[in-house]
Number of protein chains: 2
Amino acid sequence: MSAPRRSFTRDDPETRRAALIAAVLDLMAEDGPQAATVRAIADAAGLSQGMIRHYFSTKEELINAAYQAHMEAQLTATRASLPACGTAMARLARIITVSLTPPVSDPRTLSLWAAFIHMIRRDPAMRATHERNYLRFRDLLESLIVAACADSGRPVSKVEARRLAIACNAVLDGLWLEGGALPEAFAPRELEQIGMTSVSAILGLTLECEAT
Amino acid sequence: MSAPRRSFTRDDPETRRAALIAAVLDLMAEDGPQAATVRAIADAAGLSQGMIRHYFSTKEELINAAYQAHMEAQLTATRASLPACGTAMARLARIITVSLTPPVSDPRTLSLWAAFIHMIRRDPAMRATHERNYLRFRDLLESLIVAACADSGRPVSKVEARRLAIACNAVLDGLWLEGGALPEAFAPRELEQIGMTSVSAILGLTLECEAT
DNA sequence: CCGCTAATCATACGCTTGTATAGTTTCTCG
DNA sequence: CGAGAAACTATACAAGCGTATGATTAGCGG
């Protein structure tokens, strides 16, 4: 009648921590923050409930670690996808594509973002992480914008660059949001193309999607 | 030492329901969905805990009612702010302003949106409400875009209108999101002006902010 | 091969949750 | 004006929560 005792299998601490973090992200993305209970987390990670407090001093600490890991993975993936060489315009087009296709643009990612935002507001450490990553991305975008405009013989001032970066970032964020909220309301690469033409219009350039 | 018994004060059922709904929205916006417990809700509404089940058959029903009320208020406010007469371009400019200033663009509104999105995914009724309101707003925006473009001698096709509406909506959503997430990162009417110039660029028009 | 440490498991504890129920007050109407 | 219904309060209850605590197993140096 009673469930058999879970078998003992030792593993690398790093693996265990990663499993717990992955479980947190899965649960939060799927069913919201209140679904990530210690029991559900341990279950999803295939561990017993005590492990979470063995590797993290509290549940909140695990949640914070999961948030950090998620943000880092997101930014790393974006950075890695940018070709080191290539024209500034190609790099700009590429970051638009990456930002508007999975795994960055995703119902799952949007869901996670929504789940974390309240914790971001309350916890100063999480808030700092959030702000830093957000501005880091916008600065990256701004530098690409400045380079692309300069290359096409239309240099922009510093204040203008800021405004353009905010505007282009808004386009990306807005399309990311809509694609994540209503994924089946758009054709496969529709958001990517709309993003490309919109940014082109805002900057006065002509960006094009790469062929797949 | 025990708290004194709460005094009896009868009131209009509609007022009571409204008080409970307002309490739900306040708590959710301030501290996230898990802060809206029955005890906290009743307390915030100045009522005893039993009232929530007296006016709503379950807590979930109250949450749904709160979501409906919030969405309706939002859309009604937007609609009401549009001048019935005036040029199409003026109306378009007006909807941009309204969408990017309080109470529509607000940390509170963003917070509420994030709190509700997981319920939207699970509950088909809430999902239907969400989808309907989203598309209704986008259709309104699209009709204004079509009219404004036509007025300035640049008629757009049906498919083009859809794409432009999605793009402009994305600009508004993105700026709304950024303003809500980092309110102090922008100057007072900065987002409004960026929205105006961005939409202008996308549509090939020249919209201008009204003076306050 | 034994015993020790650390990893892992199971379970208990106090608290909060949503819901159900019993008790109290106010209002209405015959 | 006095019963009876309806609004309202308070409290009880089972379930689930995060945390704490022992019991159990695996690896490793003597």
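These numbers come from the heavy atoms of this one structure, side chains and all, not from hydrogens, waters or symmetry mates. Here is the naming used below: chain letters follow the sequence lines, and residue numbers restart at 1 for every chain.
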Indicate for each nucleotide in nucleotides 25-30 of chain C, in 5' to 3' sequence, whether protein heavy atoms under 4.0 Å reach the base (B), only the sugar-phosphate (S), or nothing (-). BBS---

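Proximity of a side-chain donor or acceptor of A/Thr15 to a complementary backbone N or O of A/Asp11 within less than 3.5 Å is not detected. Formation of a donor-acceptor pair under 3.5 Å by the A/Arg91 side chain with backbone atoms of A/Pro83 is found in this model. In this structure a side-chain-to-backbone donor-acceptor pair under 3.5 Å is present from A/Lys59 to A/Ala36.
Heavy atoms of other residues, nucleotides or ligands lying less than 6.0 angstrom from CD of A/Gln34 number more than 12.
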Mind listing the N/O atom pairs, protein and nucleotides 14-18 of chain D, below 3.5 Å?
residue, atom, partner, partner atom, Å
D/dG18, OP1, A/Lys59, NZ, 2.5
D/dG18, OP2, A/Val38, N, 2.7
D/dG18, N7, A/Arg39, NH1, 2.9
D/dG18, O6, A/Arg39, NH2, 2.8

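Counting any heavy atom pair closer than 4.0 Å across all strands shown, B/Ser57 reaches no nucleic acid atom.
Spacing between atom NE2 of A/His54 and atom P of D/dT19 amounts to 16 Å, rounded to whole angstrom units. The nearest whole Å value for the distance from the CG atom in B/Asp11 to the P atom in D/dT9 is 11 Å. Put simply, CZ on A/Arg53 is 18 Å from P on C/dA6, counting in whole angstrom units. Note: CE (A/Met51) to C1' (C/dA10) measures 13 Å, nearest angstrom. Here C/dA7 presents its C1' atom at 11 Å from CG of A/Leu47, a figure rounded to the nearest Å. Summarising the geometry, the separation between CZ on B/Arg6 and C1' on D/dA10 is reported as 10 Å, rounded to the nearest angstrom. The distance between atom CD1 of B/Ile41 and atom P of C/dT19, rounded to the nearest whole Å, is 10 Å. One can place CG of B/Leu20 at 10 Å from P of D/dT9, the figure rounded to the nearest angstrom.
Under 4.0 angstrom from either OP1 or OP2 of C/dA7 there lies no side-chain N or O belonging to A/Tyr55.
Of the two residues contacting DNA chain D, namely A/Ile52 and B/Arg16, the nearest-nucleotide position lying further toward the 5' end is that of B/Arg16.
Ion pairing between A/Arg163 and A/Glu160 fails under the 4.0 Å rule for side-chain N and carboxylate O. With respect to B/Glu72 and B/Arg136, no salt bridge is recorded, no charged nitrogen being found less than 4.0 Å from a carboxylate O. Salt bridge A/Asp26/A/Arg108: present, at least one basic N to carboxylate O contact under 4.0 Å. Taking the charged nitrogens against the carboxylate oxygens, B/Glu190 and A/Arg162 do have a contact shorter than 4.0 Å, which makes a salt bridge.
Under the 4.5 Å side-chain criterion, counting only non-hydrogen atoms from C-beta, B/Phe56 is not in contact with B/Ile63. With contacts defined as side-chain heavy-atom distances shorter than 4.5 Å, the pair A/Ser198/A/Ile194 qualifies.
Stretches of at least 3 consecutive Watson-Crick or G-U wobble pairs, with each checked distance under 3.5 Å, appear in DNA chain C as C:1-30 with D:1-30.
B/Glu61 and B/Ser57 are linked by a side-chain donor-acceptor pair at a separation below 3.5 angstrom, with hydrogens and angles left out of the test.
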